[in-house]
2 protein chains.
Amino acid sequence: MIPLEKRIDLLRVIAHPIRIKILEELTLGVKCVSDFEESLEISQPNVSQHLTLLRTNGVIDFFVDGRLKCYFLKEPLIPDMLELLKKEYAEDIPAPACCPVTKKRTYPGERRR
Amino acid sequence: MIPLEKRIDLLRVIAHPIRIKILEELTLGVKCVSDFEESLEISQPNVSQHLTLLRTNGVIDFFVDGRLKCYFLKEPLIPDMLELLKKEYAEDIPAPACCPVTKKRTYPGERRR
DNA sequence: TAAATACATGCAAATATTATTATGCTTTAA
DNA sequence: TTAAAGCATAATAATATTTGCATGTATTTA
């Protein structure tokens with residue numbers, strides 16, 4: 001059983017535009033740092049920083065390949081998460097109709113809004 | 001088509017222990033601010049701030065019920081997201097076996113790590 | 001062996017997030 | 001109509017995140 005806390009940390013780590021882009025690219029295959037440097041159009045140290053954050057949180061890993069570091073996806077939640085982010089929903093969850101029970105029990109009056 | 005950017009904002013908004021707790025409680029039904037004040041054991045202004053953040057990002061909404069504000073879930077992604085956070089995976093994604101293609105094409109040598 | 005490539009790290013500055021405190025508004029009950 | 005309940009907001013302080021820049025290390029090539 002994975003503690004919810006860890007999963008929330010994972011959410012926090014994922015919730016960044018550049019890191020989402022990194023993860024999407026990694027679902028297509030292995031990439032090295034300078035690959036990202038091109039595709040993300042950010043500085044090399046910044047790429048390394050994002051990769052390090054993802055790696056220290058168990059999201060990705062790498063192997064050394066000559067002088068390249070080849071990064072790959074490790075956390076199995078990621079593909080499901082990326083898919084969920086693209087899911088379309090037809091409608092909002094409908095508002096509860098009437099008289100909800102809260103601290104003050106049910107409220108007898110009309111719903112005002 | 002919802003822009004990915006908005007979805008990433010959603011992730012960021014969700015990725016906080018207290019707000020996850022709020023959302024989990026709201027999947028069970030409507031709650032007012034003082035309900036949360038008790039269950040979350042944080043100050044009332046802090047509850048309001050978290051609720052406001054969730055509301056301004058379209059995750060929840062409320063209706064006025066006497067002097068209570070009854071909050072409810074609005075964003076249909078949330079239940080799916082909460083379920084995904086609890087999902088268990090047997091194993092990590094396996095590392096790519098050999099010779100990945102990167103910027104420098106395939107590397108002829110052995111995998112080192 | 002010297003230079004170049006590929007990448008990481010440390011530090012500081014800028015920015016964003018979070019919690020606390022004080023205060024104000026609206027609604028209901030006395 | 002006054003007091004209390006329920007909630008929001010503003011301002012501040014504390015903390016965390018993000019980036020840029022300079023520099024360092026390992027590996028490969030010339």
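Each chain gets a letter, A, B and so on, in the order the sequences are listed, and its residues count up from 1.
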Nearest-Å distance for atom pair NZ/P, residues A:Lys31 and C:dC7: 12 Å
Kindly say if B:Lys69 contacts the phosphate of D:dA8, meaning a side-chain N or O under 4.0 Å from OP1 or OP2. yes
Please report, rounded to the nearest Å, how far the P atom of C:dT18 is from the CG atom of B:Leu53. 7 Å
Phosphate-side-chain proximity, B:Ser34 and D:dC7, N/O vs OP1/OP2 below 4.0 Å: yes
Options C:dT20, C:dA8, D:dT9, nucleotide nearest the side-chain atoms of A:Pro45: C:dA8
Using whole Å, report how far CG of B:Asp65 lies from C1' of C:dT26. 15 Å
Could you check whether B:Tyr71 gets within reach of a base, just the sugar-phosphate, or nothing at all, counting any heavy atom under 4.0 Å? sugar-phosphate
Candidates C:dA6, D:dT9, D:dG20 - which lies nearest the side chain of A:Gln49: D:dG20
With a 4.0 Å cut-off on N to O distance, would you call A:Lys87 and A:Glu83 a salt bridge? no
When you check the phosphate oxygens OP1 and OP2 of D:dG20, does a side-chain N or O of A:Asn46 lie under 4.0 Å from one of them? yes
Using a strict cut-off of less than 4.0 Å between a Lys/Arg side-chain nitrogen and an Asp/Glu carboxylate oxygen, indicate whether B:Glu24 and B:Lys86 qualify as a salt bridge. yes
Please determine if a side-chain N or O atom of A:Arg12 lies less than 4.0 Å away from the OP1 or OP2 oxygen of D:dT17. yes
Nearest listed nucleotide, side chain of B:Arg19, among C:dT20, C:dT18, D:dA8: C:dT18
Under 4.0 Å from OP1 or OP2 of C:dA29: is there any side-chain N or O of B:Arg67 that close? no
Distance, rounded to the nearest Å, where A:Ile60 contributes CD1 and C:dC7 contributes P: 12 Å
Rounding to a whole Å, what distance do you find between A:Ile18:CD1 and D:dG20:P? 9 Å
A:His50 vs D:dT17: side-chain N/O to OP1/OP2 distance below 4.0 Å: no
What is the distance, rounded to the nearest whole Å, between atom CD of B:Glu37 and atom C1' of C:dT20? 14 Å
Whole-Å gap separating C1' (D:dT18) and CD1 (A:Ile20): 16 Å
Please give, in whole Å, the distance from C:dA19 C1' to B:Phe36 CZ? 18 Å
Reported CG-to-CD1 distance for the pair B:Leu26 and B:Ile78, which is rounded to 0.5 angstrom: 10.0 Å
Derivation of the salt bridge (Lys or Arg N to Asp or Glu O under 4.0 Å) call for A:Asp61 and A:Arg55: CA-CA 6 Å; A:Asp61 201 359; A:Arg55 192 174 52 78; 5.3 Å; no
Give a yes/no verdict on a cation-pi contact between A:Lys31 and A:Tyr71, requiring under 6.0 Å between NZ or CZ and the six-membered ring centre and an angle within 45° of the axis. no
Return no unless some side-chain N or O of A:His16 is found under 4.0 Å from OP1 or OP2 of D:dT19. yes
Against the side chain of A:Gln44, the closest entry in D:dC7, D:dA4, C:dC7 is C:dC7
